[in-house]
Amino acid sequence: MTKTVSLAGFTVAVLAFAISDAVNQGYDPMAETVSRYVNLQHGWLVTVGLLAVAVGSAAVAVRAVGSGWGGWLLHFWAGCVLIAAVFPADPPGNWSRPSLSDSVHGVAAWAGFLALAIAIVRLTVVRRRDPAWASRARALTVLAWASSTAFVLFAVALVDKAALTHTAPLGLAERIVIALNLAWLALAATSAKCRPSASGTMGRMTSGIVR
């Protein structure tokens with residue numbers, strides 16, 4: 001069930017963001033982030049997309065139970081996306097005087113992106129020898145490296161856009177990060193449900209007996 005929810009959520013998100021870029025002609029997708037489009041006529045598509053990402057990510061996090069703090073970071077990411085959906089971003093051009101909603105949205109978005117970047121690397125390393133992930137280990141590893149690199153470039157683009165030359169293609173950088181993140185999450189969602197290892201279970205049982 002969680003697999004179906006995850007894939008359905010990510011599919012809805014991709015469609016919502018793609019349609020938003022197509023029908024909202026007021027901004028340049030190369031320059032403006034997805035969340036800015038919430039201020040245009042069909043801005044509700046952005047909200048739908050973010051909510052879909054939150055639901056899909058939460059379902060993946062449920063499947064990652066037993067994976068330690070990497071799995072909890074997925075829960076944190078899902079919560080941040082939900083907050084970002086509830087608190088919309090400002091229109092472009094308000095870098096120096098953001099509204100409260102935009103400030104909350106920005107903090108939630110960046111905290112979520114960072115948490116997901118760490119979670120992807122952590123889970124890829126920890127689960128790569130898990131039989132449930134074995135058939136997808138190579139693809140998950142490639143996506144993990146790609147998404148990590150894209151996240152760093154996205155951060156550089158934000159700094160440039162906000163404080164330096166103001167010319168970085170921030171919108172493009174963000175869309176690449178989102179695409180790679182969703183690809184990793186979707187692929188992880190198709191793996192068998194993660195469970196605590198037998199050794200970990202035995203360790204907790206032994207610890208309980210000792211106490």
Side-chain angles (χ1 to χ4, degrees), residues 10 13-40 42-43 45-47 49-54 56-57 73-74 76-122 124 140-187:
F10 299 143
V14 170
L15 290 174
F17 294 151
I19 295 173
S20 174
D21 282 351
V23 300
N24 288 314
Q25 300 297 321
Y27 301 153
D28 178 6
M30 293 285 289
E32 301 301 338
T33 58
V34 171
S35 58
R36 300 290 183 192
Y37 281 65
V38 74
N39 298 285
L40 296 177
H42 302 287
L45 287 164
V46 173
T47 303
L50 290 174
L51 291 174
V53 171
S57 298
L73 284 176
L74 288 184
F76 181 77
W77 151 255
C80 286
V81 177
L82 178 61
I83 292 173
V86 174
F87 293 89
D90 289 345
N94 293 340
W95 290 102
S96 60
R97 294 179 296 174
S99 66
L100 176 60
S101 177
D102 186 79
S103 297
V104 173
H105 176 93
V107 171
W110 277 100
F113 273 125
L114 178 59
L116 181 59
I118 297 172
I120 285 176
V121 173
R122 172 65 178 176
T124 300
L140 287 167
T141 300
V142 171
L143 285 172
W145 278 104
S147 65
S148 297
T149 302
F151 173 73
V152 173
L153 294 176
F154 178 38
V156 171
L158 176 70
V159 173
D160 180 85
K161 184 77 171 182
L164 299 177
T165 69
H166 312 291
T167 60
L170 183 62
L172 175 62
E174 185 200 44
R175 283 165 175 78
I176 292 173
V177 172
I178 292 174
L180 291 171
N181 285 345
L182 293 184
W184 188 94
L185 288 167
L187 189 59

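Model, not experiment: these values are computed from the prediction. One-based numbering along the sequence shown.
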Quiz prompt | Residue pairs involving residues 83-93 (criterion side-chain hydrogen bond (donor to acceptor under 3.5 Å, both in side chains); sequence neighbours excluded) | solution = Asp90-Ser99
Quiz item: If every non-hydrogen atom of Val53 is compared with every non-hydrogen atom of Ala13, which pair is closest and at what distance?
Solution: CG2-CB, 3.4 Å
Quiz item: Does a donor on one side chain and an acceptor on the other come within less than 3.5 Å for Trp184 and Ser147?
Solution: no
Only distances under 3.5 Å count here; give the side-chain donor-acceptor pairs of residues 109-116 to other protein atoms, sequence neighbours excluded, each with its distance to 0.1 Å.
none

Quiz item: Sub-3.5 Å donor-acceptor pair from the side chain of Glu32 to the main-chain atoms of Pro92, do we have one?
Solution: no
Quiz prompt | salt bridge (Lys or Arg N to Asp or Glu O under 4.0 Å): pairs with one or both residues in residues 101-110, sequence neighbours excluded | solution = Arg36-Asp102
Quiz prompt | Heavy-atom pair with the smallest gap, counting every atom of Cys80 and Ala108 | solution = CB-O, 3.2 Å
Quiz item: What distance separates Phe10 CZ from Ile178 CD1, expressed to the nearest 0.5 Å?
Solution: 12.5 Å
Report, one line per pair, each donor and acceptor closer than 3.5 Å where one atom sits in a side chain of residues 15-23; sequence neighbours left out.
{"unit_1": "Ser20", "atom_1": "OG", "unit_2": "Asn24", "atom_2": "ND2", "d": "3.2"}
{"unit_1": "Asp21", "atom_1": "OD1", "unit_2": "Arg175", "atom_2": "NH2", "d": "2.9"}
{"unit_1": "Asp21", "atom_1": "OD2", "unit_2": "Arg175", "atom_2": "NE", "d": "2.9"}

Quiz item: Shortest non-hydrogen contact from Ala89 to Val38?
Solution: O-CG1, 3.8 Å
Quiz prompt | Closest contact, heavy atoms only, Leu51 versus Ala85 | solution = CD2-CB, 3.8 Å
Quiz prompt | Interatomic spacing from CG in Leu185 to OG in Ser57 - rounded to 0.5 Å | solution = 5.0 Å
Self-check item: Those residues that, when tested against Leu164, pass side chain to side chain contact (heavy atoms under 4.5 Å, CB included) (two or more places apart)
Solution: Val159, Asp160
Self-check item: Atom pair CD1 (Ile120) and CG (Leu180), whose distance is rounded to the nearest 0.5 Å
Solution: 8.5 Å
Exercise. Determine the minimum heavy-atom distance between His166 and Lys161, stating which atoms define it.
Key: ND1-O, 2.8 Å
Quiz item: Are the side chain of His105 and the backbone of Ala84 linked by a donor-acceptor contact shorter than 3.5 Å?
Solution: yes
Practice problem: To the nearest 0.5 angstrom, please state how far the CG atom of Asn181 sits from the CH2 atom of Trp77. | Solution: 6.0 Å
Quiz item: Distance from Phe87 atom CZ to Ile83 atom CD1, nearest 0.5 Å?
Solution: 7.5 Å
Exercise. Kindly determine whether Asn39 and Tyr27 satisfy side chain to side chain contact (heavy atoms under 4.5 Å, CB included), including the steps that lead there.
Key: CA-CA 10 Å; Asn39 298 285; Tyr27 301 153; 3.9 Å; yes
Quiz prompt | Considering all heavy atoms, the nearest Ala119-Leu73 contact | solution = CB-CB, 3.6 Å
Quiz item: Who pairs with Thr33 by side chain to side chain donor-acceptor pair (under 3.5 Å), at least two apart in sequence or on another chain?
Solution: Ser35
Quiz item: When rounded to the nearest 0.5 angstrom, what distance separates CG in Leu40 from CG in Leu45?
Solution: 10.5 Å
